[in-house]
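Notes follow once the structure below has been shown.
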Amino acid sequence: MRAVPLSMLIVTLYKMKVGQSLHDNELHSVVMNILLAGRDTTACFISWAFLEVIKRPDAMQKIVQEATQICSGMNGYTHDTVNQLKYTHGVVVKVLRLHPSVPTDHKYAINGSVLPDGTFVPAGAG
């Protein structure tokens, strides 16, 4: 099967759902949103994960030991080897339970703006 560029996929799906095509600037906004969507939540999670692991040197040692044991050698870090990191997965789940990144990732409008459907969003709205 031939690879389809993400932009073509987005334009086609949008046209099927809405019945009209996307302009280049709208497509740019959609693609940037997809590419950057995980940036803030990922950064928030990583910050909390480092804080929690630094407080527990034994946990840090177990993570390093597990990664060295499972991911060393010829295979390195692959999808299959990363799926075997059970202790590390447990740490990730625990950090997300203690510090969920989405509820603390507040967004608000710096300036007033009008959405494509005509809805006005005042400055400071969140």
Side-chain angles (χ1 to χ4, degrees):
M1 185 164 92
R2 194 178 70 135
V4 177
L6 179 62
S7 59
M8 285 180 62
L9 179 62
I10 292 168
V11 168
T12 303
L13 292 173
Y14 186 84
K15 194 169 190 175
M16 288 169 56
K17 184 173 182 176
V18 178
Q20 63 186 34
S21 193
L22 283 169
H23 297 290
D24 286 346
N25 60 343
E26 293 170 320
L27 176 60
H28 178 267
S29 295
V30 170
V31 171
M32 290 305 291
N33 189 37
I34 290 170
L35 294 175
L36 299 176
R39 178 188 56 148
D40 294 339
T41 53
T42 302
C44 184
F45 162 74
I46 290 171
S47 298
W48 281 117
F50 275 118
L51 176 71
E52 292 296 337
V53 170
I54 286 170
K55 292 192 304 189
R56 297 272 316 271
D58 60 316
M60 188 183 314
Q61 184 178 5
K62 286 180 183 178
I63 291 169
V64 170
Q65 193 173 32
E66 182 181 56
T68 303
Q69 187 177 30
I70 293 173
C71 299
S72 63
M74 297 294 286
N75 292 332
Y77 292 91
T78 66
H79 185 72
D80 291 333
T81 57
V82 170
N83 279 337
Q84 295 175 38
L85 301 173
K86 302 300 181 198
Y87 184 82
T88 304
H89 180 262
V91 171
V92 167
V93 172
K94 178 95 174 193
V95 169
L96 287 171
R97 184 180 63 76
L98 292 173
H99 310 284
S101 50
V102 174
T104 60
D105 185 26
H106 304 288
K107 302 265 192 261
Y108 63 93
I110 294 173
N111 300 312
S113 184
V114 178
L115 300 177
D117 69 353
T119 304
F120 176 71
V121 179

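Note that the numbering runs from 1 along the sequence shown for the chain.
- The CD1 atom of Ile46 sits 9.5 Å away from the OG1 atom of Thr41 when rounded to the nearest 0.5 Å.
- Nearest approach of Leu85 to Ala67, heavy atoms of both residues: CD2-CA, 3.9 Å.
- No more than 12 heavy atoms of other residues, nucleotides or ligands sit less than 6.0 Å from atom CZ of Phe50.
- Ile110 and Ala123 make their closest contact through O-CB, 3.6 Å (heavy atoms, listed as atom of the first residue, atom of the second, distance).
- In this structure, Phe45 and Val92 have side chains that are in contact, with non-hydrogen atoms separated by less than 4.5 Å.
- In this structure, Leu51 CG and Leu98 CG are separated by 10.5 Å, a value rounded to the nearest 0.5 Å.
- Of all non-hydrogen atoms in Pro122 and Ala109, the two that sit nearest each other are O-CB, 3.7 Å.
- Separating the NZ atom in Lys86 from the OG1 atom in Thr88 is a distance of 11.0 Å, to the nearest 0.5 Å.
- Among all heavy-atom pairs drawn from Thr68 and Val64, the shortest one is OG1-O, 2.7 Å.
- Within 6.0 Å of atom OH in Tyr108, 12 or fewer heavy atoms from other residues, nucleotides or ligands are found, so the atom counts as exposed in its surroundings.
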- Tell me, with the steps shown, if Asp80 and Thr78 meet side-chain hydrogen bond (donor to acceptor under 3.5 Å, both in side chains). CA-CA 5 Å; Asp80 291 333; Thr78 66; 5.0 Å; no
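- Residues His99 and Glu52 have side chains in contact (heavy-atom distance under 4.5 Å, counting atoms from C-beta outward).
- In this structure, the side chains of Gln84 and Glu66 stay at 4.5 Å or more apart for every pair of heavy atoms.
- Hydrophobic clustering of Ile, Leu, Val, Met, Phe, Trp and Tyr side chains at less than 4.5 Å, counting indirect connections, unites Ile63 with Ile54.
- By the neighbour-count criterion of 12 heavy atoms within 6.0 Å, atom CG of Leu115 is densely surrounded, having more than that number from other residues, nucleotides or ligands.
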